[in-house]
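Inspection log for the structure reproduced underneath, given as structure tokens.
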Amino acid sequence: MWFGIVSLFPQMFSAVTAYGVTRRACEKGLIEVHTYNPRDYTYDKYKTVDDKPYGGGPGMLMKVQPLTDAISQARREAPVGTKVVCMSPQGARLDHSLVTKFHEWGSIILVAGRYEGIDERVLQKQVDLEVSIGDYVLSGGELPAMCVIDAVSRMVPGVLGDIQNAQEDSFAKGLLHFPQYTRPEAVDGDKVPDIVLCGDHAKIRRWRLQQALGRTYERRPDLLRSRTFSDDELMLIVDYLRDKGL
Ligand SMILES: Nc1nonc1C(=O)NC1CCNCC1
């Protein structure tokens, strides 16, 4: 997977290239992260990348030319046809299906804006899709871009080492994750559920499915809206709710 990142703070991306799963993925050549700094595409003494908004208003906007030239350089180095995604609260919400789509693309250019925003003419002419990680405003698009890099990289075969992990990821199944436990078996009298210790993997799988279904029903019923349930799954949810006195 090829990532091109347009950002005024390329050093921030060491958070994904120098740590953990994504670091190892870079070292193994399973992912590539290339950065393009608009400030390197300025021609004035002060390397100006921002300016005041026409019509007044708070803050500054990122100027067209440095940003466009940085995106153009990313396009030149990217695989032919690589799409450009801008991280923005005005975008489509990032979810598992978008992450899957980005992985299927094989390459992506991510624009991480700063300041109040980006001149609309860049969005209209250069950006294929705006994507948001949530309904709140951050200081920059770098952290959202790193969320995309991390989530998409986990889908690349070999990155997690055990392909099952990605398939097991809760949202891969459209459900929240079941509760998980590790040693010790009891903490201040709080014991790991016996079912998890029983050694019967079929029973454990069934209990985990019930927990995932029940939790999703309780906490994120929106995720279940378009899901069709088997009779068995419906019974699992009913039993879950009964066990919790709901
Ligand atoms: N939420 C967000 N999901 O993606 N990007 C988000 C964001 O807040 N971006 C900032 C918006 C203000 N300008 C700097 C970038």
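Counting from 1, the numbers follow the sequence of the chain as shown. Because the structure is a prediction, the values reported are computed rather than measured.
A 4.5 Å side-chain heavy-atom check between His96 and Met155 finds at least one atom pair inside the cut-off. A heavy-atom distance below 4.5 Å is not found between the side chains of Glu233 and Ile237. By the 4.5 Å heavy-atom criterion applied to side chains, Val6 and Leu110 are not counted as neighbours. Side-chain contact between Val122 and Ile71 is present, with heavy atoms from C-beta onward closer than 4.5 Å.
In this structure Arg24 satisfies the salt bridge (charged side-chain N to carboxylate O under 4.0 Å, His left out) test with no other residue, sequence neighbours excluded. With sequence neighbours excluded, the residues forming a side chain to side chain donor-acceptor pair (under 3.5 Å) with Thr82 are Ser107, listed by chain and number. Glu104 pairs by the salt bridge (charged side-chain N to carboxylate O under 4.0 Å, His left out) definition with nothing, not counting sequence neighbours. With sequence neighbours excluded, the residues forming a ring pair (Phe, Tyr, Trp, His ring centres under 6.0 Å) with Phe102 are Trp105, listed by chain and number. Shown here are the salt bridge (charged side-chain N to carboxylate O under 4.0 Å, His left out) partners of Asp232, two or more places apart in sequence or in another chain: Arg206.
Residue Met146 is grouped with residue Tyr136 when hydrophobic side chains (ILVMFWY) are merged at heavy-atom distances under 4.5 angstrom, including chains of intermediate members. Both Val85 and Val33 sit in one connected hydrophobic cluster of ILVMFWY residues. Membership requires side-chain heavy atoms under 4.5 Å apart, directly or through other members. Hydrophobic clustering, with ILVMFWY side chains joined whenever heavy atoms are under 4.5 angstrom apart, groups Met60 together with Ile118. Leu213 and Leu234 fall within the same hydrophobic cluster, where Ile, Leu, Val, Met, Phe, Trp and Tyr residues are linked whenever their side-chain heavy atoms come under 4.5 Å apart, directly or through other members. Side-chain heavy atoms closer than 4.5 Å link hydrophobic residues (I, L, V, M, F, W, Y) into clusters, and following such links, even through other members, never connects Leu61 to Val49.
Between Pro144 and Met87, the shortest heavy-atom distance links the atoms CB-CE, 3.7 Å. Pairing each heavy atom of Pro89 with each of Ser132, the nearest pair is CA-OG, 3.8 Å. Heavy-atom minimum distance, Ser7 versus Pro10: O-CD, 3.5 Å. Counting all heavy atoms, side chain and backbone alike, Leu67 lies closest to Pro38 at CD1-CG, 3.8 Å. When all heavy atoms of Gly174 and Leu223 are compared, the closest pair comes out as O-CB, 3.9 Å. What you find for Pro66 and Thr48 is that their closest heavy atoms are CG-O, 3.8 Å.
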- Would Lys83 and Ile108 satisfy side-chain contact (heavy atoms from CB on, under 4.5 Å), going step by step from the backbone distance to the final call? CA-CA 6 Å; Lys83 293 187 186 296; Ile108 191 169; 5.6 Å; no
- Task: Go through the steps for Val99 and Val148 under the test side-chain contact (heavy atoms from CB on, under 4.5 Å), then give the verdict.
- Result: CA-CA 7 Å; Val99 169; Val148 174; over 6 Å; no
- Item | side-chain contact (heavy atoms from CB on, under 4.5 Å) evaluation trace for Val131 with Cys86 | CA-CA 6 Å; Val131 170; Cys86 180; over 6 Å; no
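Under the side chain to side chain donor-acceptor pair (under 3.5 Å) criterion, the residue pairs touching residues 53-80 are Tyr36-Glu77, Gln65-Asp69, Gln73-Arg76, Gln73-Glu77, Arg75-Gln126, with sequence neighbours excluded. The salt bridge (Lys or Arg N to Asp or Glu O under 4.0 Å) pairs that include a residue from residues 177-190 number zero, where partners must be two or more places apart or lie in different chains. Residue pairs meeting the salt bridge (Lys or Arg N to Asp or Glu O under 4.0 Å) criterion with at least one partner in residues 124-138, sequence neighbours excluded, are Arg93-Asp135. For the ring pair (Phe, Tyr, Trp, His ring centres under 6.0 Å) condition, the pairs that include at least one residue of residues 2-32, sequence neighbours left out, are Trp2-His34. Applying the salt bridge (Lys or Arg N to Asp or Glu O under 4.0 Å) rule to pairs touching residues 235-246 yields Glu218-Lys244, Asp239-Arg242, sequence neighbours excluded. Pairs passing the ring pair (Phe, Tyr, Trp, His ring centres under 6.0 Å) check and including a residue from residues 211-246, sequence neighbours excluded, do not occur.
Taken to the nearest 0.5 Å, the CG atom of Leu143 stands 7.0 Å off from the SG atom of Cys147. Taken from CD in Glu142 to CZ in Arg114, the straight-line distance is 4.0 Å, to the nearest 0.5 Å. Distance check: Leu175 CG to Thr216 OG1 gives 4.5 Å after rounding to the nearest 0.5 Å. Atom OG1 of residue Thr35 and atom CG of residue Leu8 lie 11.5 Å apart, to the nearest 0.5 angstrom. In this structure, SG in Cys26 is found 9.0 Å from CD in Glu32, a value given to the nearest 0.5 Å. Arg208 contributes atom CZ, which lies 4.0 Å from atom CZ of Phe178 (distance to the nearest 0.5 angstrom).
The hydrophobic cluster containing Leu197 also includes Tyr181, Val192, Ile195, Val196, Trp207, under a criterion of side-chain heavy atoms closer than 4.5 Å among ILVMFWY residues, counted directly or through chains of members.
Under the 3.5 Å distance criterion, the side-chain polar atoms of Thr42 are left unmatched by any main-chain donor or acceptor of Asp44. Looking only at distances, no side-chain donor or acceptor of Ser14 sits under 3.5 Å from a matching main-chain atom of Thr17. A donor-acceptor pair is defined here as one N or O able to donate and one able to accept, closer than 3.5 Å; such a pair exists between the side chain of Arg215 and the backbone of His177.
Annotation: Lys203, atom NZ; neighbour count of heavy atoms from other residues, nucleotides and ligands within 6.0 Å does not exceed 12. Counting non-hydrogen atoms of neighbouring residues, nucleotides and ligands closer than 6.0 angstrom, the CZ atom of Arg121 reaches no more than 12 such neighbours. A 6.0 Å sphere centred on NZ of Lys52 holds no more than 12 heavy atoms belonging to other residues, nucleotides or ligands.
A salt bridge (charged side-chain N to carboxylate O under 4.0 Å, His left out) with Asp222 is found for exactly one of Arg225, Arg220, Arg219, namely Arg220.
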